[in-house]
Structures are given as C-alpha cells and as structure tokens.
Amino acid sequence: MTTPQPGATTPDAAPADSNVDQSRRTWLYLTCGAGAALGAGVATPFIASFQPSERAKAAGAPVEVDIADLKVGELKTVEWQGKPVWILKRDKSMIESLDKTDNLVADPESDKEYQFKTPEYAKNQHRSIKEEVLVVVGICSHLGCSPSSRVTPGPQPNLPDDWQGGFLCPCHGSTFDLAGRVFRNKPANTNLDVPPHKYLADTKLLIGADNKA
C-alpha cells in the first residue's frame with residue numbers, strides 16, 4: 001500500500017474543492033448581479049421620466065421659452081442644466097388654494113437652503129415673479145425622482161380627500177402644493193427649487209438667468 005506524500009492530495013479531494021469553489025463563484029456572481037440590478041432600479045425613476053434635448057442646451061446656457069400658448073393648468077417642461085424645469089400656468093382658484101396650504105407646508109417662505117438659492121422674487125407665497133406662472137425644477141429633494149403633476153383638486157389615489165392640487169413624488173410619497181412647497185412630515189425636506197429666470201416679454205421667459213446674473 002502506497003503512503004501519500006506530505007502535501008499530496010487524493011484523487012477524490014480535487015473535485016470536492018472544485019465544487020465548493022464553483023458554488024462560491026456562482027453565489028458571488030448572483031450577488032453582484034442582484035446589486036447591479038438594484039442600483040439600476042434606484043436610478044430609473046428620474047432617468048426614465050425625462051429625456052435630454054440638445055445636450056442640455058450647451059451644458060447650462062440660459063433657455064428661452066415661449067409660453068404664449070400655455071393654458072391654465074397646463075405644465076410645460078423644458079431642459080436647463082440637464083434638469084427638467086416646469087412652467088405651470090395657474091388661475092385665480094389655484095393661486096387662492098395656497099392660502100389653504102400655507103399652514104400645512106414645511107417651508108412656506110422658502111427660507112431653507114436649496115441647491116439653487118431661492119431668488120428674492122420667489123420668496124413669497126406663490127414663489128414666482130408673476131402670480132399666475134410658476135417656474136420650478138421638477139426634481140424631488142429626497143432621492144432625485146421627478147414628481148408627477150396632480151394639479152386637479154379633489155380626492156385621488158395616494159392623496160388626501162382635501163387635496164388642493166399640486167405634485168406627488170411616486171418614489172416615497174412626498175407631496176407639494178401648487179407653489180412647489182413640500183408638505184410637512186414627508187421624506188423630502190425642501191421645496192422644489194426655483195431656478196433663476198426673468199421675462200424677456202409678457203409671454204417669453206429666460207430660464208437660467210435673471211437681472212442679477
């Protein structure tokens with residue numbers, strides 16, 4: 001009978017170790033794959049909801065917008081600095097609804113720190129230069145998702161029965177009023193950003209620059 005030399009392996013040992021190593025490799029591949037899929041899923045809400053145009057308008061250059069055809073309750077989306085900027089035309093009842101939400105929002109006068117410093121002309125209840133036209137960046141401050149428009153008041157799925165109109169973030173339920181102000185006790189801790197902007201004419205906006213720029 002031959003005695004195995006020190007350090008030698010028996011013929012049966014190699015397949016067993018190979019099976020273990022193969023199982024470990026398979027588990028690692030599956031784990032890494034699941035992590036990659038999860039990461040992609042987290043990034044989907046904003047990426048899938050907005051398509052870039054003209055390479056973000058020269059990577060941040062001001063964008064001119066004609067709002068002559070904008071109807072009440074209609075939301076126009078343009079791109080500035082790779083972000084969706086919403087322009088909403090509000091009627092008298094929509095502006096008056098802000099009185100009802102004033103005590104329910106977390107930062108009624110936009111006093112908190114924001115990605116873009118809130119312009120002085122937007123530090124008011126309606127957060128705009130002209131009461132009837134709201135201009136905000138359509139990105140939730142919680143995880144960067146793009147909220148959906150829920151400007152029609154009244155009971156709706158995932159919204160309170162006394163809903164006055166506004167926006168709902170589908171990711172974790174943050175809600176904003178018709179001035180883009182976030183309601184209290186929501187995952188998002190700040191209002192929707194107001195970008196610098198000004199009027200070139202009664203129905204023409206410039207997004208990305210104002211008289212102080």
Side-chain angles (χ1 to χ4, degrees), residues 46 49-50 56-57 59-65 67 70 74-92 94-151 164-169 171-213:
F46 170 62
S49 67
F50 184 67
K57 295 292 183 182
V63 180
E64 288 189 20
V65 188
I67 59 171
L70 193 63
E74 187 174 279
L75 191 74
K76 176 174 282 191
T77 303
V78 297
E79 182 180 3
W80 173 67
Q81 291 192 347
K83 299 177 178 66
V85 175
W86 294 341
I87 304 168
L88 172 68
K89 188 170 184 179
R90 301 174 291 199
D91 61 12
K92 184 178 179 180
M94 296 170 81
I95 295 168
E96 289 176 348
S97 75
L98 302 177
D99 288 330
K100 300 175 182 178
T101 58
D102 215 41
N103 294 326
L104 303 175
V105 296
D107 186 14
E109 298 298 326
S110 299
D111 292 325
K112 292 185 178 181
E113 292 294 324
Y114 292 84
Q115 182 177 358
F116 300 107
K117 183 178 179 181
T118 303
E120 289 300 319
Y121 48 78
K123 284 197 169 186
N124 48 53
Q125 187 184 62
H126 44 85
R127 304 185 76 222
S128 58
I129 298 173
K130 296 183 178 182
E131 288 189 354
E132 68 272 20
V133 180
L134 174 70
V135 181
V136 291
V137 177
I139 299 179
C140 177
S141 64
H142 182 222
L143 289 178
C145 299
S146 188
S148 58
S149 174
R150 297 293 184 87
V151 299
Q164 299 297 318
F167 310 95
L168 169 67
C169 184
C171 295
H172 294 90
S174 293
T175 48
F176 306 82
D177 70 3
L178 286 168
R181 302 181 299 179
V182 67
F183 285 89
R184 293 195 193 110
N185 302 317
K186 297 295 180 180
N189 59 2
T190 57
N191 301 333
L192 298 179
D193 276 303
V194 176
H197 63 283
K198 64 180 180 180
Y199 284 85
L200 300 177
D202 286 344
T203 59
K204 183 169 288 188
L205 279 165
L206 184 67
I207 309 297
D210 54 24
N211 292 330
K212 295 182 179 180

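All residue numbers refer to positions in the sequence shown, counting from 1.
For the atom pair OH (Y199) and CG (D210), the distance works out to 13.0 Å, reported to the nearest 0.5 Å. One distance of note links OG of S149 with CG of L168; it measures 10.5 Å at 0.5 Å rounding. Put simply, CZ on F167 and OG on S148 are 9.5 Å apart, with the number rounded to the nearest 0.5 Å. Between the CD atom of E132 and the CD1 atom of I95 there is a distance of 6.0 Å, given to the nearest 0.5 Å. Note that NZ of K130 and CG of L205 are 8.0 Å apart. Values are rounded to the nearest 0.5 Å.
Counting only heavy atoms from C-beta outward, the side chains of I207 and V65 approach each other to under 4.5 Å. Within the 4.5 Å cutoff, the side chain of R90 has heavy atoms near those of the S128 side chain. Considering only heavy atoms from C-beta on, N211 stays 4.5 Å or farther from Y121 through its side chain. I139 is not listed as a side-chain neighbour of D193, based on a closest heavy-atom distance of 4.5 Å or more.
For Q125, the side-chain hydrogen bond (donor to acceptor under 3.5 Å, both in side chains) partners two or more places apart in sequence, or in a different chain, are D99. Listed by chain and number, the residues in a side-chain contact (heavy atoms from CB on, under 4.5 Å) with E109 are D111 (sequence neighbours excluded). In this structure, H126 has no ring pair (Phe, Tyr, Trp, His ring centres under 6.0 Å) partners at least two apart in sequence or on a different chain. For K89, there are no side-chain hydrogen bond (donor to acceptor under 3.5 Å, both in side chains) partners two or more places apart in sequence or in a different chain. Judged as a ring pair (Phe, Tyr, Trp, His ring centres under 6.0 Å), and not counting sequence neighbours, F176 has no contacts.
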Evaluate the side-chain contact (heavy atoms from CB on, under 4.5 Å) criterion for residues K100 and L98: first the C-alpha distance (whole Å), next the side-chain angles of each, then the deciding distance (0.1 Å), finally the verdict. CA-CA 5 Å; K100 300 175 182 178; L98 302 177; over 6 Å; no
Criterion side-chain contact (heavy atoms from CB on, under 4.5 Å) on N189 and V182, from CA distance to verdict: CA-CA 7 Å; N189 59 2; V182 67; over 6 Å; no
Please walk me through it: do L134 and L178 pass side-chain contact (heavy atoms from CB on, under 4.5 Å)? CA-CA 8 Å; L134 174 70; L178 286 168; 5.9 Å; no
If you apply the rule side-chain contact (heavy atoms from CB on, under 4.5 Å), what do you find for R127 with S110, and how did you get there? CA-CA 8 Å; R127 304 185 76 222; S110 299; 2.8 Å; yes
Output, in order, the C-alpha distance, side-chain angles, deciding distance and verdict of side-chain hydrogen bond (donor to acceptor under 3.5 Å, both in side chains) for S141 and T190. CA-CA 6 Å; S141 64; T190 57; 3.0 Å; yes
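Among all heavy-atom pairs drawn from P84 and S146, the shortest one is CG-OG, 4.5 Å. Taking every heavy atom of both residues into account, L206 and E64 meet most closely at CD1-CG, 3.6 Å. Considering all non-hydrogen atoms of both residues, V135 and P195 come closest at O-CD, 3.6 Å. Annotation for I67 and K204: closest pair CG1-N, 4.4 Å, computed over non-hydrogen atoms. The two residues V194 and A122 come nearest to each other via the heavy atoms CG1-CB, 3.8 Å. The two residues K112 and D107 have their closest heavy-atom pair at N-OD2, 3.0 Å.
The side chain to side chain donor-acceptor pair (under 3.5 Å) contacts involving residues 173-185 comprise T101-D177, T101-R181, D102-R181, D177-R181, where partners must be two or more places apart or lie in separate chains.
Atom NZ of K123 sits in a crowded spot, with more than 12 heavy atoms from other residues, nucleotides or ligands closer than 6.0 Å.
Less than 2.5 angstrom separates the SG atom of C145 from that of C171.
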